[in-house]
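Below is one structure, written out as structure tokens; the observations come after it.
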Amino acid sequence: MLLKVHNKLLFFINCIKLTLVILFFQFILNLFNIGCPVKTLLNIECPTCDMTHALKAILRRDIIAYRNYNVMAIPILIALFLGINLYLFNNKKIKNCITFLIILISIVNFIYYIIIHY
């Protein structure tokens with residue numbers, strides 16, 4: 001079995017916690033009218049710029065807008081959820097595969113960012 005029953009509950013609870021933290025962070029940014037904290041503080045775009053707009057575009061089923069904002073939004077979101085919940089998996093091979101996938105997604109995202117912006 002990939003996940004035990006109590007681990008499935010922990011996974012669900014962690015997903016809810018992460019969603020609430022993201023929503024709270026977004027609320028604070030909107031409250032103080034700050035678009036992107038990295039861009040505001042450092043005046044540079046990071047590899048995750050426009051991910052929120054890209055995810056909103058996907059929810060609207062607007063693939064072209066998603067592509068124009070940040071194509072790596074969904075893979076980075078998947079890597080984030082897997083990384084946060086990595087301890088829930090019992091099998092060492094599965095943990096190693098997930099870790100490799102997270103590293104691969106991060107490298108591809110960074111290469112994509114360099115190609116697009118430089």
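Hydrogens, waters and symmetry mates play no part in the numbers below; they use all other heavy atoms, side chains included. Everything numeric in this text was worked out from a predicted model, so none of it was measured. We number each residue from 1, following the sequence as shown.
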If hydrophobic clusters are built from ILVMFWY residues whose side chains come within less than 4.5 Å, do [X] and [Y] share one?
| X | Y | answer |
| --- | --- | --- |
| I94 | F100 | yes |
| V108 | I74 | yes |
| I107 | I115 | yes |
| F27 | F25 | yes |
| Y69 | F110 | no |

In Å and rounded to the nearest 0.5 Å, what is the [atom1] to [atom2] distance from [X] to [Y]?
| X | Y | atom1 | atom2 | answer |
| --- | --- | --- | --- | --- |
| I98 | I103 | CD1 | CD1 | 12.5 Å |
| I13 | L18 | CD1 | CG | 14.0 Å |
| T99 | K92 | OG1 | NZ | 9.0 Å |
| R61 | I63 | CZ | CD1 | 10.0 Å |
| C97 | N91 | SG | CG | 8.5 Å |
| T19 | K17 | OG1 | NZ | 12.0 Å |

* To do: For Y66 and V71, indicate whether the former's side chain and the latter's backbone hold a donor-acceptor pair under 3.5 Å.
  =>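 Present.
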* To do: Please check if the side chain of N68 supplies one atom and the backbone of I64 the other of a donor-acceptor pair under 3.5 Å.
  =>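 Such a contact is found between N68 side chain and I64 backbone.
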For [X] and [Y], work out which heavy atoms get closest and say how close.
| X | Y | result |
| --- | --- | --- |
| L77 | M51 | N-CE, 4.5 Å |
| M72 | I105 | CE-O, 3.9 Å |
| Y112 | R67 | OH-O, 4.3 Å |
| R60 | A65 | NH2-CB, 4.3 Å |

* To do: Side-chain contact test, heavy atoms from C-beta onward, threshold under 4.5 Å: evaluate it for I76 versus N70 and give yes or no.
  =>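 A side-chain contact is absent here, since even the closest heavy-atom pair is not under 4.5 Å.
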* Asked: Is there a side-chain contact between I102 and I78, using heavy atoms and a 4.5 Å cut-off?
  ->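 No, their side chains stay 4.5 Å or more apart.
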* Asked: Do other residues, nucleotides or ligands put more than 12 heavy atoms under 6.0 Å from K95 NZ?
  ->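 Counting other residues, nucleotides and ligands, NZ of K95 exceeds 12 neighbours.
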* Is atom CG of N33 surrounded by more than 12 heavy atoms (other residues, nucleotides or ligands) closer than 6.0 Å? ->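 Count not over threshold, so no.
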